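Remarks on the structure that follows.
Remember, predicted model here, so these are calculated numbers, not experimental data. Note on naming: letters A, B, ... go to the chains in the order of the sequence lines (proteins, then strands), and numbering restarts at 1 for each one.
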Number of protein chains: 2
Amino acid sequence: MDMQNALGLSGGQAELVYNSFSFAVAAMGIAFVYFLVSRNRVAPAYRSALTMSAMICGIAAYHYWRIFGNYAAGTWNEGYRYADWLLTVPLLVAELVVVAGLAKDVARKVTPRLVAAALLMVATGYPGETAADGSSARLVWGIISSVFMLYVLYELFAGEVGKALKSQSGAIGKKLNNIRYLLLFTWGVYPIAYILGDEKSWLADALNLSGSDATTAIQVGYTIADVLAKPVYGLVIMSVALARSESEGYKAA
Amino acid sequence: MDMQNALGLSGGQAELVYNSFSFAVAAMGIAFVYFLVSRNRVAPAYRSALTMSAMICGIAAYHYWRIFGNYAAGTWNEGYRYADWLLTVPLLVAELVVVAGLAKDVARKVTPRLVAAALLMVATGYPGETAADGSSARLVWGIISSVFMLYVLYELFAGEVGKALKSQSGAIGKKLNNIRYLLLFTWGVYPIAYILGDEKSWLADALNLSGSDATTAIQVGYTIADVLAKPVYGLVIMSVALARSESEGYKAA
């Protein structure tokens, strides 16, 4: 395939990024359909979790389609990723609450807090991402955004959601535990990519990553993290919803 | 990203407007799917409200897709917004009546009046929007359109719908109250943008907003207002429909 180097990538790098984006479009698009048609397999109480998974993957399919189109035309726009996260990250935390087994009043109290923190985490990351490399704006917005991320992680590991996730035994308890670590692992990619995106950062320096190597690592890393954090995460959420539905005697009609 | 300046915006402004439009496409498109698949979660009497929310968001997704495509190609067409509102604004008021808890005969009487007023509000705004800056046509059509808007707001705050909305207590009453203020707040953006769109207006003068600053403020403002007035408004309407369904003993199968 004849690859363009308009973005300064070598032939092999350009092809890897190109194929990653196309892979993400396919994975997200089909996961959108899968979660939509699977809604009736779980009891009504858990369907909103599958609906949210479908929405997350549908939104991501749209954004990867645009990122892919822009890339093929020789341009980057990191704004697409932030627009995507602004819509999907609040849904990712909200769907976890649906299957976490919280009391209804606790869920109603904790969901708006988590959604607000997720929104603020993404919204405050954007001005940092678009600030100049090595600037203090990049550092300050990154720290502000991290505070909101730490709050979300605190809630999921030690707060009310964390307690509910840990208190459950058997297969469901094990799955809920896996979800937390999947979240921690995949979300960890984003701040790393944020720091690596700044070529003057200590991390870019330590890893000796810059230019097209850094760009390729960031774009492929984001794509892998997004596939794990969206369709794969949705599958684990769905397996909890299926297990709960079964244990409550629900049978799909 | 290498942004075009064909519309006279600076690089940062052009990128902000571009990302806002793309964000709106994603938000409206996914809200369309969400309201469609969520219809069965509410009792049959309230499903038409969710169907209308889906229609509103689907129509808006189409128009933002066109506005975005036109913008990327370097052209504006404010006609898309008016075509959108002509279809969506009557639905926005009609779906409120569905969940407002009016007696059936009152709802049947008040809906056509509200729909007609909403249609006339949008239809008379369009000739003003396309009139020359500082012209008397712009002022006169603006005033005529405002009269219809004030009638709709009168109906929702003091008329028969207003009385029904205020007379309900508990969680449902609180939500209905929030809906009215969400409508008032988001609808308030449109006349402000209409006045600001006229560079010779007292408001553009007072705020010292003109040229690309005004354009950016108007386009981003419209987009935020549309996301609040359509998907977010639809979510609040849905939460009323869910609460009413639950209080009536409805259970999704």
Side-chain angles (χ1 to χ4, degrees), chain A residues 6-7 32-33 35-40 42-48 50-67 69-71 73-88 90-91 94 104 108 115 122-123 126-127 129-131 250 252-253, chain B residues 1-4 11-43 50 54 57-58 61 64-65 68-69 72-73 171 175 178 220 223-224 227 231-232 234-236 238-239 242-243 245-246 250-253:
Chain A
L7 298 163
F32 166 66
V33 176
F35 291 122
L36 272 191
V37 300
S38 301
R39 289 176 67 251
N40 286 351
V42 305
Y46 309 115
R47 279 189 203 149
S48 65
L50 272 75
T51 311
M52 286 192 252
S53 288
M55 291 167 74
I56 289 163
C57 295
I59 293 163
Y62 165 77
H63 285 111
Y64 269 98
W65 178 258
R66 307 249 17 152
I67 289 171
N70 273 232
Y71 176 74
T75 56
W76 290 119
N77 182 357
E78 286 305 297
Y80 284 129
R81 294 201 181 275
Y82 281 83
D84 181 88
W85 297 334
L86 206 55
L87 291 163
T88 58
L91 291 168
K104 224 171 182 177
R108 262 185 207 153
V115 166
V122 178
Y126 181 69
E129 178 80 48
T130 52
Y250 174 78
Chain B
M1 189 169 193
D2 188 20
M3 301 295 307
Q4 35 77 26
Q13 291 172 334
E15 196 167 337
L16 181 61
V17 172
Y18 186 97
N19 291 338
S20 302
F21 289 166
S22 175
F23 175 80
V25 171
M28 299 295 180
I30 211 64
F32 166 67
V33 176
Y34 177 71
F35 291 122
L36 273 190
V37 300
S38 301
R39 289 177 67 253
N40 287 351
R41 289 181 57 193
V42 304
L50 271 75
C57 295
Y64 269 99
W65 179 260
F68 187 29
K175 282 174 205 286
N178 291 342
V220 175
T223 307
I224 295 171
V227 170
V232 174
L235 285 175
V236 188
M238 180 173 158
S239 79
L242 280 169
S245 302
E246 196 183 340
Y250 174 77
K251 276 198 202 317

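- Interface residue B:Val37: backbone and side-chain heavy atoms are both found under 4.5 Å from chain A.
- For the pair A:Tyr62 and B:Ala26, the tightest heavy-atom approach, listed with the atom from each and the gap, is CD2-CB, 3.7 Å.
- Each of B:Gly12, B:Ala252, B:Ser22 has some count of heavy-atom pairs under 4.5 Å with chain A, and the biggest count is that of B:Ser22.
- Two residues are said to be in side-chain contact when any heavy atoms from C-beta on lie closer than 4.5 Å; A:Leu91 and B:Tyr34 fail this criterion.
- A heavy-atom distance below 4.5 Å is found between the side chains of A:Ser48 and B:Arg41.
- Atom CG in B:Asn40 sits 8.5 Å away from atom CZ in A:Arg47 (nearest 0.5 Å).
- B:Val33 places a side-chain heavy atom less than 4.5 Å from the side chain of A:Leu36.
- Interface remark: A:Tyr250 contributes no atoms to any contact with chain B (heavy atom separation under 4.5 Å).
- Within the 4.5 angstrom heavy-atom criterion, no atom of B:Phe32 approaches chain A.
- B:Phe23 contributes atom CZ, which lies 4.5 Å from atom CG of A:Leu86 (distance to the nearest 0.5 angstrom).
- To the nearest 0.5 Å, the span separating CG on A:Asn77 from CG on B:Asn19 amounts to 4.5 Å.
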